[in-house]
2 protein chains.
Amino acid sequence: MKLNDPTSHETAMPADLRMTPQRRQVLDVLQESCDHPTAIEVFMRAKERIPGISLATVYNCLETLTEHALIRQVNIERASSRFCANLQEHVHFHCEGCGLVIDAPPMEVIEAKKLWRLPEGVTVTGLDVAIRGRCPECTKKTHA
Amino acid sequence: MKLNDPTSHETAMPADLRMTPQRRQVLDVLQESCDHPTAIEVFMRAKERIPGISLATVYNCLETLTEHALIRQVNIERASSRFCANLQEHVHFHCEGCGLVIDAPPMEVIEAKKLWRLPEGVTVTGLDVAIRGRCPECTKKTHA
DNA sequence: GTGAATGCAAAACCTTTGCAACTGG
DNA sequence: CCAGTTGCAAAGGTTTTGCATTCAC
(Lines give C-alpha, C1' and ligand atoms only; values in the text may rest on other atoms or scores of the structure.)
Protein backbone atom coordinates (compact mmCIF):
# COMPACT_ATOMS: atom_id res chain seq x y z
CA MET A 1 0.00 0.00 0.00
CA LYS A 2 1.26 3.41 -0.93
CA LEU A 3 1.86 5.74 1.95
CA ASN A 4 2.29 9.48 1.72
CA ASP A 5 2.19 9.43 -2.04
CA PRO A 6 0.74 12.82 -2.96
CA THR A 7 -0.81 11.48 -6.14
CA SER A 8 -2.55 8.66 -4.34
CA HIS A 9 -6.02 8.90 -2.96
CA GLU A 10 -4.85 6.78 -0.12
CA THR A 11 -2.84 9.35 1.74
CA ALA A 12 -1.91 7.90 5.10
CA MET A 13 -3.71 9.53 8.00
CA PRO A 14 -1.41 10.85 10.71
CA ALA A 15 -1.19 8.48 13.65
CA ASP A 16 -3.02 10.89 15.93
CA LEU A 17 -5.95 11.25 13.56
CA ARG A 18 -8.69 8.70 13.73
CA MET A 19 -9.46 7.52 10.24
CA THR A 20 -13.18 7.46 9.62
CA PRO A 21 -14.90 6.80 6.25
CA GLN A 22 -16.20 10.36 6.33
CA ARG A 23 -12.75 11.90 6.75
CA ARG A 24 -11.36 9.56 4.13
CA GLN A 25 -14.01 10.60 1.59
CA VAL A 26 -13.79 14.31 2.34
CA LEU A 27 -10.05 14.13 1.80
CA ASP A 28 -10.50 12.08 -1.38
CA VAL A 29 -13.03 14.54 -2.75
CA LEU A 30 -10.58 17.37 -2.25
CA GLN A 31 -7.66 15.47 -3.70
CA GLU A 32 -9.71 14.73 -6.81
CA SER A 33 -11.02 18.29 -7.16
CA CYS A 34 -9.07 21.08 -8.72
CA ASP A 35 -11.74 23.74 -8.42
CA HIS A 36 -11.42 24.67 -4.76
CA PRO A 37 -14.90 23.63 -3.65
CA THR A 38 -16.76 25.30 -0.82
CA ALA A 39 -17.88 23.32 2.20
CA ILE A 40 -21.30 22.87 0.61
CA GLU A 41 -19.76 21.59 -2.61
CA VAL A 42 -17.57 19.15 -0.72
CA PHE A 43 -20.70 18.00 1.09
CA MET A 44 -22.57 17.34 -2.15
CA ARG A 45 -19.69 15.41 -3.66
CA ALA A 46 -19.08 13.39 -0.52
CA LYS A 47 -22.78 12.59 -0.38
CA GLU A 48 -22.50 10.71 -3.66
CA ARG A 49 -20.18 8.28 -1.91
CA ILE A 50 -21.61 8.28 1.58
CA PRO A 51 -25.28 9.18 1.10
CA GLY A 52 -25.85 9.45 4.82
CA ILE A 53 -23.05 11.91 5.50
CA SER A 54 -24.18 15.09 7.22
CA LEU A 55 -23.17 18.66 6.55
CA ALA A 56 -22.06 19.12 10.14
CA THR A 57 -19.70 16.19 9.72
CA VAL A 58 -18.24 17.72 6.57
CA TYR A 59 -17.57 20.91 8.49
CA ASN A 60 -15.97 18.87 11.25
CA CYS A 61 -13.81 16.96 8.80
CA LEU A 62 -12.71 20.08 6.98
CA GLU A 63 -11.69 21.65 10.26
CA THR A 64 -9.84 18.57 11.45
CA LEU A 65 -8.08 17.97 8.14
CA THR A 66 -7.05 21.62 8.04
CA GLU A 67 -5.67 21.41 11.57
CA HIS A 68 -3.65 18.37 10.57
CA ALA A 69 -2.40 20.17 7.47
CA LEU A 70 -3.82 17.62 5.07
CA ILE A 71 -5.79 20.30 3.28
CA ARG A 72 -5.68 24.09 3.10
CA GLN A 73 -8.42 26.57 3.73
CA VAL A 74 -8.16 29.18 1.03
CA ASN A 75 -9.67 32.25 2.59
CA ILE A 76 -7.84 33.53 5.62
CA GLU A 77 -10.94 34.22 7.56
CA ARG A 78 -14.12 32.25 7.66
CA ALA A 79 -15.56 35.44 9.01
CA SER A 80 -17.14 38.28 7.14
CA SER A 81 -15.59 40.75 4.75
CA ARG A 82 -13.77 43.70 6.19
CA PHE A 83 -13.64 47.20 4.87
CA CYS A 84 -11.09 49.98 4.96
CA ALA A 85 -10.80 53.54 3.80
CA ASN A 86 -7.04 53.44 3.20
CA LEU A 87 -6.94 53.77 -0.56
CA GLN A 88 -3.16 53.75 -0.82
CA GLU A 89 -1.83 50.53 -2.27
CA HIS A 90 -1.22 48.17 0.61
CA VAL A 91 -1.70 44.63 1.83
CA HIS A 92 -2.81 43.31 5.21
CA PHE A 93 -0.85 41.67 7.96
CA HIS A 94 -3.05 39.57 10.26
CA CYS A 95 -1.66 38.73 13.69
CA GLU A 96 -2.58 35.16 14.58
CA GLY A 97 -2.09 35.93 18.24
CA CYS A 98 -4.30 38.94 18.91
CA GLY A 99 -6.15 39.45 15.65
CA LEU A 100 -4.54 42.82 14.96
CA VAL A 101 -4.59 43.93 11.34
CA ILE A 102 -1.71 46.09 10.11
CA ASP A 103 -1.54 47.81 6.71
CA ALA A 104 1.72 47.17 4.85
CA PRO A 105 2.69 49.20 1.78
CA PRO A 106 4.75 47.53 -0.94
CA MET A 107 8.50 48.23 -1.04
CA GLU A 108 8.32 48.39 -4.81
CA VAL A 109 5.74 47.75 -7.52
CA ILE A 110 4.56 44.16 -7.28
CA GLU A 111 4.19 42.45 -10.62
CA ALA A 112 2.17 39.29 -10.21
CA LYS A 113 3.32 37.84 -13.51
CA LYS A 114 6.95 38.05 -12.45
CA LEU A 115 6.39 36.51 -9.04
CA TRP A 116 3.98 33.70 -9.88
CA ARG A 117 3.74 31.33 -12.81
CA LEU A 118 0.46 32.16 -14.52
CA PRO A 119 -0.99 30.66 -17.70
CA GLU A 120 -0.24 32.47 -20.97
CA GLY A 121 -2.86 35.01 -21.94
CA VAL A 122 -4.30 35.92 -18.57
CA THR A 123 -4.97 39.53 -17.65
CA VAL A 124 -4.11 40.60 -14.12
CA THR A 125 -6.30 43.34 -12.67
CA GLY A 126 -5.48 43.17 -9.00
CA LEU A 127 -3.71 41.49 -6.17
CA ASP A 128 -5.07 40.75 -2.71
CA VAL A 129 -2.44 39.76 -0.22
CA ALA A 130 -2.85 38.74 3.39
CA ILE A 131 0.30 38.11 5.38
CA ARG A 132 -0.16 35.83 8.36
CA GLY A 133 2.07 36.03 11.37
CA ARG A 134 2.57 37.41 14.82
CA CYS A 135 2.83 41.07 15.72
CA PRO A 136 5.84 42.27 17.76
CA GLU A 137 3.93 41.91 21.04
CA CYS A 138 2.72 38.40 20.31
CA THR A 139 6.14 37.41 18.99
CA LYS A 140 7.64 38.38 22.36
CA LYS A 141 5.02 36.34 24.22
CA THR A 142 5.83 33.29 22.11
CA HIS A 143 9.52 33.54 22.94
CA ALA A 144 8.76 34.01 26.64
CA MET B 1 -14.22 73.92 2.87
CA LYS B 2 -11.66 71.23 2.20
CA LEU B 3 -12.34 69.09 -0.81
CA ASN B 4 -10.72 65.76 -1.59
CA ASP B 5 -8.38 66.01 1.37
CA PRO B 6 -7.76 62.38 2.33
CA THR B 7 -7.14 63.29 5.97
CA SER B 8 -10.41 65.13 6.24
CA HIS B 9 -13.59 63.53 7.35
CA GLU B 10 -15.29 65.72 4.84
CA THR B 11 -14.18 63.92 1.72
CA ALA B 12 -16.15 65.31 -1.17
CA MET B 13 -18.68 62.88 -2.57
CA PRO B 14 -18.39 62.30 -6.29
CA ALA B 15 -20.90 64.36 -8.22
CA ASP B 16 -22.82 61.24 -9.25
CA LEU B 17 -23.23 60.01 -5.70
CA ARG B 18 -26.06 61.35 -3.64
CA MET B 19 -24.77 62.43 -0.27
CA THR B 20 -26.98 61.17 2.52
CA PRO B 21 -26.25 61.38 6.25
CA GLN B 22 -25.98 57.59 6.33
CA ARG B 23 -23.35 57.44 3.60
CA ARG B 24 -21.49 60.33 5.19
CA GLN B 25 -21.34 58.57 8.56
CA VAL B 26 -20.42 55.17 7.16
CA LEU B 27 -17.55 56.78 5.29
CA ASP B 28 -16.52 58.77 8.36
CA VAL B 29 -16.56 55.65 10.52
CA LEU B 30 -14.24 53.91 8.10
CA GLN B 31 -11.92 56.88 7.74
CA GLU B 32 -11.60 57.08 11.52
CA SER B 33 -11.07 53.33 11.95
CA CYS B 34 -7.77 51.61 11.43
CA ASP B 35 -8.93 48.13 12.35
CA HIS B 36 -10.77 47.11 9.19
CA PRO B 37 -14.21 46.67 10.70
CA THR B 38 -16.73 44.18 9.38
CA ALA B 39 -20.12 45.36 8.14
CA ILE B 40 -21.60 44.61 11.55
CA GLU B 41 -18.91 46.62 13.29
CA VAL B 42 -19.42 49.55 10.94
CA PHE B 43 -23.13 49.28 11.70
CA MET B 44 -22.57 49.44 15.45
CA ARG B 45 -20.27 52.43 15.18
CA ALA B 46 -22.55 54.27 12.78
CA LYS B 47 -25.46 53.61 15.11
CA GLU B 48 -23.79 55.71 17.80
CA ARG B 49 -24.13 58.69 15.47
CA ILE B 50 -27.37 57.87 13.68
CA PRO B 51 -29.27 55.70 16.17
CA GLY B 52 -31.98 54.93 13.63
CA ILE B 53 -29.66 53.64 10.91
CA SER B 54 -30.47 50.14 9.74
CA LEU B 55 -28.13 47.29 8.95
CA ALA B 56 -29.50 47.00 5.43
CA THR B 57 -28.58 50.61 4.84
CA VAL B 58 -25.05 50.03 6.07
CA TYR B 59 -24.74 47.17 3.58
CA ASN B 60 -26.11 49.43 0.87
CA CYS B 61 -23.67 52.20 1.76
CA LEU B 62 -20.70 49.85 1.88
CA GLU B 63 -21.59 48.53 -1.55
CA THR B 64 -22.11 51.98 -3.04
CA LEU B 65 -18.96 53.44 -1.49
CA THR B 66 -16.97 50.46 -2.73
CA GLU B 67 -18.35 50.91 -6.25
CA HIS B 68 -17.34 54.54 -6.17
CA ALA B 69 -13.88 53.59 -4.90
CA LEU B 70 -14.17 55.62 -1.72
CA ILE B 71 -13.49 52.53 0.37
CA ARG B 72 -12.04 49.10 -0.25
CA GLN B 73 -13.50 45.72 0.51
CA VAL B 74 -10.71 43.62 1.93
CA ASN B 75 -11.72 40.07 1.20
CA ILE B 76 -12.04 39.12 -2.44
CA GLU B 77 -15.14 37.07 -2.02
CA ARG B 78 -18.07 37.71 0.20
CA ALA B 79 -18.85 34.09 -0.36
CA SER B 80 -17.79 31.13 1.69
CA SER B 81 -14.34 29.73 2.29
CA ARG B 82 -12.92 27.34 -0.24
CA PHE B 83 -10.68 24.39 0.36
CA CYS B 84 -7.94 22.64 -1.57
CA ALA B 85 -5.70 19.64 -1.15
CA ASN B 86 -2.81 21.07 -3.15
CA LEU B 87 -0.23 21.43 -0.41
CA GLN B 88 2.50 22.69 -2.71
CA GLU B 89 3.20 26.35 -2.19
CA HIS B 90 0.94 28.27 -4.50
CA VAL B 91 -1.42 31.20 -4.74
CA HIS B 92 -4.80 31.53 -6.40
CA PHE B 93 -5.81 33.32 -9.55
CA HIS B 94 -9.53 34.16 -9.63
CA CYS B 95 -11.07 34.89 -13.02
CA GLU B 96 -13.52 37.75 -12.69
CA GLY B 97 -15.26 36.64 -15.88
CA CYS B 98 -16.11 33.00 -15.30
CA GLY B 99 -15.13 32.41 -11.70
CA LEU B 100 -12.40 29.93 -12.57
CA VAL B 101 -9.74 29.42 -9.92
CA ILE B 102 -6.22 28.57 -11.09
CA ASP B 103 -3.31 27.54 -8.86
CA ALA B 104 -0.13 29.51 -9.51
CA PRO B 105 3.22 28.41 -8.04
CA PRO B 106 5.79 31.07 -7.15
CA MET B 107 8.65 31.69 -9.59
CA GLU B 108 11.00 31.88 -6.65
CA VAL B 109 10.76 32.00 -2.88
CA ILE B 110 8.59 34.93 -1.87
CA GLU B 111 9.88 36.86 1.12
CA ALA B 112 7.10 39.01 2.49
CA LYS B 113 9.49 41.17 4.49
CA LYS B 114 11.36 42.14 1.34
CA LEU B 115 8.27 42.94 -0.68
CA TRP B 116 6.18 44.79 1.89
CA ARG B 117 7.09 47.26 4.61
CA LEU B 118 6.24 45.54 7.89
CA PRO B 119 6.82 46.78 11.44
CA GLU B 120 10.05 45.74 13.16
CA GLY B 121 9.74 42.57 15.19
CA VAL B 122 6.89 40.83 13.44
CA THR B 123 7.07 37.12 12.62
CA VAL B 124 5.76 36.04 9.24
CA THR B 125 4.26 32.55 9.13
CA GLY B 126 2.43 32.57 5.85
CA LEU B 127 1.20 34.44 2.84
CA ASP B 128 -2.23 34.22 1.28
CA VAL B 129 -2.39 35.72 -2.16
CA ALA B 130 -5.36 36.04 -4.48
CA ILE B 131 -4.65 37.40 -7.94
CA ARG B 132 -7.68 38.92 -9.64
CA GLY B 133 -7.98 39.04 -13.38
CA ARG B 134 -9.36 37.40 -16.47
CA CYS B 135 -8.44 33.94 -17.71
CA PRO B 136 -7.26 33.56 -21.34
CA GLU B 137 -10.80 32.75 -22.56
CA CYS B 138 -12.39 35.70 -20.82
CA THR B 139 -9.57 37.98 -21.90
CA LYS B 140 -10.35 37.10 -25.51
CA LYS B 141 -14.05 37.82 -25.00
CA THR B 142 -13.23 41.24 -23.57
CA HIS B 143 -11.16 42.18 -26.60
CA ALA B 144 -13.86 40.95 -29.00
C1' DG C 1 -14.87 -0.62 26.52
C1' DT C 2 -14.40 4.14 25.83
C1' DG C 3 -13.43 8.50 24.17
C1' DA C 4 -14.12 10.55 19.97
C1' DA C 5 -16.82 11.22 15.76
C1' DT C 6 -21.22 11.14 13.53
C1' DG C 7 -26.00 12.60 12.29
C1' DC C 8 -29.77 15.31 13.13
C1' DA C 9 -32.19 19.31 14.25
C1' DA C 10 -32.22 23.71 15.85
C1' DA C 11 -29.95 27.93 16.57
C1' DA C 12 -26.94 31.62 15.40
C1' DC C 13 -25.02 34.48 12.05
C1' DC C 14 -24.34 37.25 8.07
C1' DT C 15 -26.18 39.03 3.93
C1' DT C 16 -29.78 39.91 0.59
C1' DT C 17 -34.39 41.17 -0.83
C1' DG C 18 -39.08 43.31 -1.21
C1' DC C 19 -41.61 47.11 -0.32
C1' DA C 20 -43.74 51.27 1.67
C1' DA C 21 -42.21 55.74 3.29
C1' DC C 22 -39.11 59.35 2.87
C1' DT C 23 -35.76 62.81 1.03
C1' DG C 24 -31.79 65.17 -1.33
C1' DG C 25 -30.89 67.65 -5.32
C1' DC D 1 -41.04 66.67 -7.86
C1' DC D 2 -39.30 62.01 -8.11
C1' DA D 3 -35.58 58.76 -8.81
C1' DG D 4 -32.95 56.96 -5.55
C1' DT D 5 -32.31 55.87 -0.65
C1' DT D 6 -33.84 54.44 3.72
C1' DG D 7 -35.81 51.33 7.43
C1' DC D 8 -38.10 47.31 8.47
C1' DA D 9 -39.17 42.67 8.30
C1' DA D 10 -38.70 38.46 6.31
C1' DA D 11 -36.13 35.22 3.64
C1' DG D 12 -31.85 32.88 2.17
C1' DG D 13 -27.66 30.80 2.88
C1' DT D 14 -23.64 29.36 5.62
C1' DT D 15 -21.66 27.84 9.80
C1' DT D 16 -22.00 26.41 14.62
C1' DT D 17 -23.93 23.94 18.51
C1' DG D 18 -26.16 20.37 21.59
C1' DC D 19 -27.05 15.83 22.24
C1' DA D 20 -28.09 10.97 21.63
C1' DT D 21 -26.14 7.28 18.92
C1' DT D 22 -22.47 4.92 16.76
C1' DC D 23 -17.85 3.59 15.88
C1' DA D 24 -12.62 3.21 15.47
C1' DC D 25 -9.07 1.88 18.02
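All values reported here derive from a predicted model rather than from experimental measurement. We use all heavy atoms of the structure for the numbers below, so side chains are in, but hydrogens, waters and symmetry mates are not. The sequence lines fix the lettering, A, B, ..., with proteins before strands; numbering per chain opens at 1.
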Check your understanding: Do the rings of A:His36 and B:His90 sit parallel, tilted or perpendicular, given the 30° and 60° boundaries?
Key -> tilted
For nucleotides 21-23 of chain D, print each protein N/O atom paired with a nucleotide N/O atom at under 3.5 Å, atom names and distance only.
unit_1: D:dC23; atom_1: O2; unit_2: A:Arg18; atom_2: NH2; d: 3.3

Point to revise | Donor-acceptor under 3.5 Å (A:Lys113 side chain, A:Thr123 main chain) | key: no
Check your understanding: Which of the following nucleotides, D:dT14, D:dC8, C:dG7, is nearest to the side chain of B:Ala56?
Key -> D:dC8
Review point. Are A:Arg134 and B:Thr125 linked by a side-chain donor-acceptor pair shorter than 3.5 Å?
Key: no
Check your understanding: OP1, OP2 of C:dC8 versus side-chain N and O of A:Ser54: anything below 4.0 Å?
Key -> no
Check your understanding: Does a nitrogen or oxygen in the side chain of B:Gln22 sit under 4.0 Å from OP1 or OP2 of C:dT23?
Key -> no
Check your understanding: So does A:Lys140 pair up with A:Glu137, basic N to acidic O under 4.0 Å?
Key -> yes
Exercise for review: Examine A:Ile71 and A:Met19 and state if one hydrophobic cluster contains both, with Ile, Leu, Val, Met, Phe, Trp and Tyr joined whenever side-chain heavy atoms are less than 4.5 Å apart.
Suggested key: yes
Check your understanding: How would you label the contact of B:Leu55 with the nucleic acid (heavy atoms, under 4.0 Å): base, sugar-phosphate, or nothing?
Key -> base
Check your understanding: For A:Tyr59 and D:dT15, is the shortest distance between a side-chain N/O and OP1 or OP2 below 4.0 Å?
Key -> yes
Point to revise | Salt bridge A:Arg23-A:Glu67, side-chain N to carboxylate O under 4.0 Å | key: no
Review point. Think B:Thr20 has a side-chain N or O under 4.0 angstrom from the OP1 or OP2 of D:dG4?
Key: no
